[in-house]
Amino acid sequence: MTIKLGKLALAFAGAAMLTVAGCGGGGGGTSVSPPTAAKTSVPVTVIDGAIKNATVCLDKNLNGICDSGEPSGKTDAAGNVTLQVPTEDAGKYPILAVVGTDAVDADHGPVTTPFTLQAPADKTAVVSPLTTLVQTLIASTGATSAQAEASVKAQTGLNVSLFADFTKDSTADSHAAGTVARMVVVTTQQQSSLLAGAVGTTAMDGAVIRQADLDKIIQNK
């Protein structure tokens, strides 16, 4: 009985070796490509007026910069872009829009002083100065998007959704939203210009101050 089992085991081992050799060796085998990660299309519209040529990304590391490797794209003349986001990341991270001096605002002309805008992870369709106020509150307090929106609306007196595209509506409430949004941008730009000399200098903790650091300070203020 022991001898028969030994022969049977050798037979199976030989068959396995032949199978491995046939599949993996030499130039005749075929390689299997790793599966492609599933992607989700995330449409985004960036507005003060509609902003062309803003760089939009999924800010996965929350550093206020569109880093290499983060899903990103440039907005068209209507302020639109669609990000291709790994499905596992969709709805998990805020959207960042970097508006540089190569950008053009449909309502206010060429951008002369850079600024950034944000939107909460669960409200990514529109990125505006108003969604930036909401996301800043979320980041600083841990509030939900609904709680943060309610707080900003209470402080500004606005009566429209802060996640809506106020440029597409002609009501008095939407005009008020547009006015507040413009005030946020202008104030941000003024503060950014005043603090521009700090970029590249060293803070008390030894870290080099970046524009993104100033943007966060200004938005919190």
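The first residue of the sequence shown is numbered 1, and numbering continues consecutively from there. Just so it is clear, the model here is predicted, and its values are computed rather than measured.
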Quiz item: Is the shortest heavy-atom distance from the side chain of V42 to the side chain of V44 under 4.5 Å?
Solution: yes

Quiz item: Rounded to the nearest 0.5 Å, how far apart are OG of S170 and NE2 of H175?
Solution: 5.5 Å

Quiz item: Quick one: are S161 and E149 in side-chain contact, heavy atoms under 4.5 Å?
Solution: yes

Quiz item: Will you find, in the side chains of T167 and D165, an N or O donor that is under 3.5 Å from an N or O acceptor?
Solution: yes

Quiz item: If you group Ile, Leu, Val, Met, Phe, Trp and Tyr by side-chain heavy-atom gaps below 4.5 Å, do F166 and L133 land in one group?
Solution: yes

Quiz item: Are V98 and L117 in one and the same hydrophobic cluster, where Ile, Leu, Val, Met, Phe, Trp and Tyr link if side-chain heavy atoms are under 4.5 Å apart?
Solution: no

Exercise. Check whether any side-chain N or O of Q191 sits under 3.5 Å from a backbone N or O of T188 as a donor-acceptor pair, and report yes or no.
Key: no

Practice problem: Taking all heavy atoms of L58 and all of D89, pick out the closest pair and write down the distance. | Solution: CD2-CB, 4.0 Å

Quiz item: Say you draw a straight line from CG of L162 to OG of S128; how long is it, rounded to the nearest 0.5 Å?
Solution: 7.5 Å

Quiz item: Where is the tightest heavy-atom contact between G79 and A50, given as atom of each residue plus distance?
Solution: N-CB, 4.1 Å

Quiz item: Heavy atoms, side chains only, cut-off 4.5 Å: are V99 and T116 in contact?
Solution: no

Exercise. Hey, could you give me the CD/OG1 distance between E70 and T55, rounded to the nearest 0.5 Å?
Key: 12.0 Å

Practice problem: Answer yes or no: is there a donor N or O on one side and an acceptor on the other, between the side chain of T156 and the main chain of V152, under 3.5 Å? | Solution: yes

Practice problem: Would you name the heavy atoms of V160 and A177 that are closest together and state the gap between them? | Solution: CG2-CB, 3.8 Å

Practice problem: With rounding to the nearest 0.5 Å, note down the distance linking CD in Q147 to OG1 in T144. | Solution: 3.5 Å

Quiz item: Is the shortest heavy-atom distance from the side chain of T82 to the side chain of N80 under 4.5 Å?
Solution: no

Quiz item: Should N61 and D67 be marked as a side-chain contact (heavy atoms from CB on, under 4.5 Å) after you check the CA-CA gap, both sets of side-chain angles, and the distance that decides it?
Solution: CA-CA 9 Å; N61 58 7; D67 295 304; 2.9 Å; yes

Quiz prompt | Side-chain heavy atoms of V127 within contact of I47, under 4.5 Å | solution = no

Quiz prompt | Within-4.5 Å side-chain heavy-atom neighbours: P71 and P86 | solution = yes

Exercise. Please name the pair of heavy atoms, one in V85 and one in A90, separated by the smallest distance, quoted to 0.1 Å.
Key: CG1-N, 3.8 Å

Self-check item: Pair K74 + D102: basic N to acidic O under 4.0 Å
Solution: yes

Practice problem: Please round to the nearest 0.5 Å and tell me the distance separating atom OG1 of T179 and atom CE of M183. | Solution: 8.5 Å

Quiz prompt | Working for side-chain contact (heavy atoms from CB on, under 4.5 Å), residues Y93 and D59 | solution = CA-CA 6 Å; Y93 304 100; D59 192 12; 5.8 Å; no

Self-check item: Heavy-atom side-chain contact between L137 and S151 under 4.5 Å
Solution: yes

Self-check item: S72 vs V56, side-chain contact (heavy atoms from CB on, under 4.5 Å): CA-CA, chis, key distance, verdict
Solution: CA-CA 5 Å; S72 65; V56 180; over 6 Å; no

Exercise. Could you tell me whether the side chain of T75 and the main chain of A54 form a donor-acceptor pair under 3.5 Å?
Key: yes

Self-check item: Side-chain ion pair, D76 and K52, N-O less than 4.0 Å
Solution: no

Quiz prompt | Euclidean distance, I51 CD1 relative to D105 CG, rounded to 0.5 Å | solution = 5.0 Å

Self-check item: For the student: nearest non-hydrogen atoms of A121 and K92, plus distance
Solution: CB-C, 3.6 Å

Quiz prompt | Side chains of S145 and F163 in contact at under 4.5 Å (non-hydrogen atoms) | solution = yes

Quiz item: Could you walk me through whether T132 and V184 pass the side-chain contact (heavy atoms from CB on, under 4.5 Å) check?
Solution: CA-CA 9 Å; T132 302; V184 170; 5.8 Å; no

Quiz item: Is a side-chain donor-acceptor pair under 3.5 Å present for Q118 with T131?
Solution: no

Practice problem: Could you tell me which non-hydrogen atom of P120 sits nearest to which non-hydrogen atom of T124, and how far apart they are? | Solution: O-CG2, 3.4 Å

Quiz prompt | Distance-only donor-acceptor check, side chains T40 and T87, under 3.5 Å | solution = yes

Exercise. Look at the side-chain heavy atoms of Ile, Leu, Val, Met, Phe, Trp and Tyr, link any pair under 4.5 Å apart, and say whether V126 and L96 land in one connected group.
Key: no

